[in-house]
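Below, all heavy atoms of this structure are taken into account, side chains as well, without hydrogens, waters or symmetry copies. In what follows, every chain begins at residue 1, and chains take the letters A, B, ... in the order their sequences are listed.
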There are 2 protein chains.
Amino acid sequence: MGSLQYCEHCGNRLCIYRVPLFSSLSEENLHQIASYIQHRSFEKGELLISEGESTDSLVIIHQGVVKAFRYTAAGREQILYLFSEGDFFGEQYLFSNLKATYNVEALSPVKICLLTKSHLHKVLLTHPEVAIKLISELGKRIAQMENTFQSMGIRDVDARVATLLLDFAERYGREAPGGTLINLPISREGMANYLGIARETLSRKLSKFEDDGLIQSLDLKTIQVKDSDSLEDLAGLS
Amino acid sequence: MGSLQYCEHCGNRLCIYRVPLFSSLSEENLHQIASYIQHRSFEKGELLISEGESTDSLVIIHQGVVKAFRYTAAGREQILYLFSEGDFFGEQYLFSNLKATYNVEALSPVKICLLTKSHLHKVLLTHPEVAIKLISELGKRIAQMENTFQSMGIRDVDARVATLLLDFAERYGREAPGGTLINLPISREGMANYLGIARETLSRKLSKFEDDGLIQSLDLKTIQVKDSDSLEDLAGLS
DNA sequence: AAGAATCTGTGATTTAAATCAGATATTTAA
DNA sequence: TTAAATATCTGATTTAAATCACAGATTCTT
């Protein structure tokens, strides 16, 4: 596990400035909340949380990318989320005594901010506007899950792969002359598990997309989107 | 659309008494909130909300069952949720200006309670404990969606059908001598769409489960669970 | 109650993805 | 740097579900 450490760069404040959750607060309130926050760092591959562990904090990703996953009955790893900078998780355990229902693993060096259940409780009771912001963020998360859910329900695998690529382009991409460069946070196997398809099927789809000129695989961790319009058509967003 | 009408049985209060969301409130506070609430009724088949419509209220189901759905690019109806008594929806539109992202249709005669954006806002600002309750309920909803999400990722269709039957047994079932009787809220086609599989495939799975003695189809709207242990094994909950 | 419309079940066939297998490429570790 | 381990790609085959087709059952309508 990562060691507890205070962030000397930001005096414990930088993270909450970056988090939309707290964007509505005044400088003074931010300062107060910042004093509650703990920081931790994790190396790539380390587990932030294990399934069944009891947790008592809201976790905010300050830097890096993590995956939240479970194992299916068949032993396959099912990725539920990828969280990156500014995202938070653990909210479902804050007002219940549920144990963690998934594992969370660092996919890169990761820095997180922790706000314990009791501290967050205090913040919410004294700052209802933060509660409203949190409700709003949870609403967004639900809306996003509804989209994912719908795309899982799509039987057409081409559409699902296209959707994933577009999603990744938005979240992990940077613009470049020939098209958006996606810096993939997970392996082909990870992507296949995320979509609930076989690794080989994903490879074949990516090869086909490349043959058709929709994408170009620069190296194993980098894909360039050459024709996002066609991807959008495939994804059914036309 | 259903006509606006006040509920003469409960003096506008019964619904919020039933909703876990407001269970932490005092009699006095409940009374205050009750005065904000509007009631509507819908016949089976009526649309409560259409995709793209702008909504400004939290909807609480007082009686009946509704389905929330979208159409896929292929024109298939994808059911996202079934909501019944005590459930609420519309929370994602409360603090954003998003249009409705799904349609909601009554599957039976339905009575709903409406609390507008501005009224709910007022309640949340003055009763932070309701905000915390709402956050908690949204957390539960997310946890539930994660489960659904995982079961969608399962490639084994038997497991998904078994999961659906167990879920329905819990939500729409009543205990009976030979096993839980499920009063199905949706047709075979609806169930198939919910799972993202073909209607015929669902029929075949149900027939197989019946041959194997796991369930018994009493009539088209009623299934009896004869061997829930085996269903749980299939669902991978062992 | 009778006919029409809709829904459901099941066989035959097609199709797409899973699995199996092995080659190739990439990363890690010595 | 080189060998070992890991990840990826691609072809061949199998398998499960989709689709097609139609009969039977249920429900809606008048």
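Figure legend: cation-pi geometry between A/R141 and A/F89 absent, as NZ or CZ is not positioned both under 6.0 Å from the six-membered ring centre and within 45° of its axis.
The shortest side-chain heavy-atom distance between B/P185 and B/F168 falls under the 4.5 Å cut-off.
Between B/K221 and D/dT26 there is no side-chain polar atom (N or O) within less than 4.0 angstrom of OP1 or OP2. Checking the phosphate oxygens (OP1, OP2) of D/dA16, no side-chain nitrogen or oxygen of B/T201 falls inside 4.0 Å. Between A/K205 and C/dA16 there is no side-chain N or O to OP1 or OP2 distance below 4.0 Å. Contact annotation: A/S203 side-chain N/O to D/dC9 OP1/OP2 distance is under 4.0 Å.
Put simply, CZ on B/R199 is 12 Å from P on D/dC20, counting in whole angstrom units. C/dA18 atom C1' lies 11 Å from atom CD1 of A/I197, rounded to whole Å. The separation between B/L206 atom CG and C/dT10 atom P is 10 Å, rounded to whole Å. Remark: P of C/dA18 and CG of A/N193 are 11 Å apart, rounded to the nearest angstrom. Here the P atom of nucleotide D/dC9 and the CG atom of A/L202 are 8 Å apart, to the nearest Å. The distance from atom CZ of B/R188 to atom C1' of C/dT6 is 14 Å, rounded to the nearest whole Å. We find that NZ of A/K208 is positioned 15 Å from P of D/dC9, with the value rounded to whole Å. The interatomic distance linking B/E43 (CD) with D/dC28 (P) rounds to 14 Å, in whole Å.
Donor-acceptor pairing under 3.5 Å, judged by distance alone, is absent between the side chain of B/R204 and the base of C/dG9.
For A/S207, the side-chain atoms get nearest to D/dT10 when compared with the rest of D/dT8, D/dT10, D/dA17. Across C/dA18, D/dT8, C/dG9, the shortest atom-to-atom separation from the side chain of A/A198 is found for C/dA18.
At a cut-off of 3.5 Å, with distance as the only test, no side-chain donor of B/R171 or B/N183 sits close to an acceptor on the other residue. A donor atom on one side chain and an acceptor atom on the other are found under 3.5 Å apart for A/R70 and B/N147.
In this structure, A/E200 reaches the bases: a heavy-atom distance under 4.0 Å links it to at least one base atom across the strands shown.
No more than 12 heavy-atom neighbours from other residues, nucleotides or ligands sit within 6.0 angstrom of NZ on B/K44.
Both B/E189 and A/D219 lie close to DNA chain C; mapped to their nearest nucleotides by heavy-atom distance, the more 5′-ward contact belongs to B/E189.
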